[in-house]
Amino acid sequence: MGAERGKPYRGDLITVTFDARRCLHAAECVRGLPQVFDTGRRPWISPDAAPADEVAEVVRRCPSGALQYRLVDGATERPDVPTTVERTDDGRLVLRGDLRITAADGESVPETRVMLCGCGASGNQPYCDLSGSCKA
């Protein structure tokens, strides 16, 4: 999470960022820590509502990478080793590891978790936005 991408939600020990354009509503966050991630509340992320290590663990479950975190000491998510690539039944590509993704604007960004478009219809290339044949 070098340069912050998405809206930051700052806590005392952890900052969580959320990139709404990448969210595919897997709801891993809401199921994992509903006291931190509550879509019926504003702001919907309360990073101090659970220990920072638990918040970080739940953020790492986000398959799209829409959620990221940075601890107060500057630590961020360590990439999975080895890097994995999985194709879902509906064509999305789920990648985890030490990744560098080139966005549609040509910018190359470091990533640890992404869900890429497999059908070519996404309006947020190369990321999946569920606009094509992979609708959930």
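Keep in mind that this is a model prediction, so the values were computed, not measured.
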Among residues at least two apart in sequence or on other chains, which ones pass side chain to side chain donor-acceptor pair (under 3.5 Å) with Arg21? Asn124
Verify side chain to side chain contact (heavy atoms under 4.5 Å, CB included) between Val94 and Thr88, making sure each step is shown before the conclusion. CA-CA 7 Å; Val94 182; Thr88 64; 3.8 Å; yes
So CG of Asp129 and CE of Met115: to nearest 0.5 Å the spacing works out to 12.5 Å
Between CZ on residue Arg92 and CG on residue Leu24, distance to nearest 0.5 Å: 6.0 Å
Go through the structure and list residues passing side-chain contact (heavy atoms from CB on, under 4.5 Å) with Asp73, not counting sequence neighbours. Leu71, Ala75
According to a 4.5 Å side-chain heavy-atom criterion applied to Ile, Leu, Val, Met, Phe, Trp and Tyr, with indirect links allowed, do Leu93 and Val109 form part of one hydrophobic cluster? yes
List the steps, then state whether side chain to side chain contact (heavy atoms under 4.5 Å, CB included) holds for Lys7 with Asp19. CA-CA 6 Å; Lys7 178 178 173 64; Asp19 184 347; over 6 Å; no
Step by step, work out the salt bridge (charged side-chain N to carboxylate O under 4.0 Å, His left out) result for Glu77 and Arg113. CA-CA 10 Å; Glu77 183 175 352; Arg113 292 171 283 113; 2.9 Å; yes
Would you indicate whether the side-chain heavy atoms of Ile14 and Val59 approach each other to under 4.5 Å? no
Report, one line per pair, each donor and acceptor closer than 3.5 Å where one atom sits in a side chain of residues 31-40; sequence neighbours left out.
residue, atom, partner, partner atom, Å
Arg31, NH1, Ala26, O, 3.3
Arg31, NH2, Ala26, O, 3.1
Arg31, NH2, Glu28, OE2, 3.2
Asp38, OD1, Gly40, N, 2.9

For residues 12-34, pull every pair meeting ring pair (Phe, Tyr, Trp, His ring centres under 6.0 Å), keeping only residues two or more places apart or in separate chains. Phe18-Trp44
Determine the minimum heavy-atom distance between Ser108 and Arg100, stating which atoms define it. OG-CG, 2.7 Å
Between Leu99 and Val114, is a side chain to side chain contact (heavy atoms under 4.5 Å, CB included) present by the stated rule, with each step listed? CA-CA 9 Å; Leu99 310 168; Val114 296; 4.0 Å; yes
OH-OG1 distance between Tyr69 and Thr76, expressed to the nearest 0.5 angstrom: 6.5 Å
Please identify which of these residues, Pro126, Ser64, Cys128, meets the side chain to side chain contact (heavy atoms under 4.5 Å, CB included) condition with Leu116. Pro126
Leu95 side, atom CG; Glu86 side, atom CD - distance, nearest 0.5 Å: 10.0 Å
Identify, with sequence neighbours excluded, every residue that meets side-chain contact (heavy atoms from CB on, under 4.5 Å) alongside Thr84. Arg96
State whether the number of non-hydrogen atoms from other residues, nucleotides or ligands found under 6.0 Å of Arg42 atom CZ is greater than 12. yes
Might you point out which heavy atoms bring Ser131 and Gly123 nearest each other, and give the distance in Å? OG-N, 3.9 Å
SG of Cys117 to OH of Tyr127: how many Å apart, nearest 0.5 Å? 12.5 Å
Is any side-chain heavy atom of Val16 closer than 4.5 Å to a side-chain heavy atom of Pro8? no
Work out which heavy atom in Glu54 is nearest to a heavy atom in Ala50; give both atom names and the distance. OE1-CB, 4.4 Å
What distance separates Cys23 SG from Leu67 CG, expressed to the nearest 0.5 Å? 7.0 Å
In chain order, what residues pass the side-chain contact (heavy atoms from CB on, under 4.5 Å) check against Leu13, with sequence neighbours excluded? Ala52, Val72
Would you say Asp89 has more than 12 foreign heavy atoms packed within less than 6.0 Å of its CG? no
